[in-house]
Amino acid sequence: MGASPYRGRFAPSPTGPLHAGSLVAALASWLDARVHRGRWTVRMEDVDTPRCVPGADAFILQQLARCGLISDEPVLWQSQRGALYQQALDALIRNGRAYPCGCSRKDIETALHNQGLSRERHQAAVYPGTCRPERGGLQGKAARAWRFAVDPSTAEVHWTDRRLGPQEQNVATEVGDFVLKRADGLWAYQLAVVVDDAAQGITHVVRGEDLSDNTPRHILLQRALDLPTPAYLHTPLVLGANGEKLSKQNGAQALDLADPLSALNQAAACLGLPSTTPHSLPETLALWTRAWPYRPAVRQPLR
């Protein structure tokens, strides 16, 4: 497959303003696009509508603009793209790669307990495959969600992260059949991000390290839908006072952009870039582009 022109993206969830960790991912993705002389786009990942805050999307765009990070193309909102996600789900169903599931969280925990399996605190339960068609399907239960049928023979996924190096995960044993459409009718992140990356022609994904373990699920979906796999780079995490990833859920404060350069310098430090306090914003971004350590990379071919 020939190389495609670089297309990158920053994809925040508008559940509140950007915080320090968000800015690290935004700056890194913007710099990577500039180093590759490519396009940088912003996509609002607002499929989880109950968690989205009215006006947060507009405020995020204002925050990015204050930092000199402006999308090269019109912003895309996932909440407007349900028809595309349904098309992808329909294709997976036709090919026997997705099935309806009637299990509640309690059902899953009970099934795991009955099998003598446990999970670590904060670790998601590995779905035991209760509603798989070969196990009898719903067996009279109402369908609650749709799941991706992970093929155990191809579940071992290997990929190379541009920062973290060689990675691997067995999706069957570490995740199980994951949700594509939720019980509340909302689209799962896993399906939406894969469909949109392909539809937008995204060749390089730069995002926070907390999303790294989602990558093998994305690769399996890309293969099942005959979509290309982008090159991946996962950035260092910004930690809160409690030692956990800084996030809106654990009280991360909105960025103070009274002095955008100060906020950007903190993000740059996390990325191993030099401090450039005396320079103007355009000069600073240009210097960091020259100093960016992750040089041009190619996307991975279909396998």
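Sequence positions, counted from 1, serve as the residue numbers for this chain.
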Roughly how far, to the nearest 0.5 Å, is the [atom2] atom of [Y] from the [atom1] atom of [X]?
X      : Y      : atom1 : atom2 : answer
Ile108 : Cys131 : CD1   : SG    : 8.5 Å
Cys270 : Leu237 : SG    : CG    : 8.0 Å
His218 : Arg223 : NE2   : CZ    : 13.5 Å
Trp30  : Cys67  : CH2   : SG    : 11.0 Å

Exercise for review: State, with a plain yes or no, whether a side-chain heavy atom of Asn214 is found less than 4.5 Å away from one of Tyr189.
Suggested key: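 Answer yes - side chains close enough.
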
Check your understanding: Stepwise, does the side-chain contact (heavy atoms from CB on, under 4.5 Å) test hold for Val195 with Gln87?
Key -> CA-CA 10 Å; Val195 170; Gln87 289 175 16; over 6 Å; no

Review point. So does Arg51 pair up with Asp46, basic N to acidic O under 4.0 Å?
Key: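 Salt bridge: no.
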
Check your understanding: With the threshold set at 4.0 Å, does a side-chain nitrogen-carboxylate oxygen contact exist between Asp72 and Arg34?
Key ->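 Counted as a salt bridge, because a side-chain N and a carboxylate O are separated by less than 4.0 Å.
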
Relative to the ring of [Y], is the ring of [X] parallel (under 30°), tilted (30 to 60°) or perpendicular (over 60°)?
X      : Y      : value
His204 : Tyr6   : parallel
Tyr232 : His234 : parallel
Trp187 : Tyr85  : perpendicular

Review point. Which of these passes side chain to side chain donor-acceptor pair (under 3.5 Å) with Asp32: Tyr294, Trp292, Trp40?
Key: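 That would be Trp292.
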
Point to revise | Pairing residues for Thr235 by the side chain to side chain donor-acceptor pair (under 3.5 Å) criterion, not counting sequence neighbours | key: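 Thr235: no side chain to side chain donor-acceptor pair (under 3.5 Å) contacts found.
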
Check your understanding: Who passes salt bridge (charged side-chain N to carboxylate O under 4.0 Å, His left out) against Arg207, sequence neighbours left out?
Key ->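 With neighbours one apart ignored, the set is empty.
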
Side-chain donor-acceptor pairs under 3.5 Å in residues 137-150, sequence neighbours left out?
{"from": "Gln139", "atom 1": "NE2", "to": "Arg135", "atom 2": "O", "distance (Å)": "3.1"}
{"from": "Arg144", "atom 1": "NE", "to": "Cys103", "atom 2": "O", "distance (Å)": "3.2"}
{"from": "Arg147", "atom 1": "NH1", "to": "Asp177", "atom 2": "O", "distance (Å)": "2.7"}

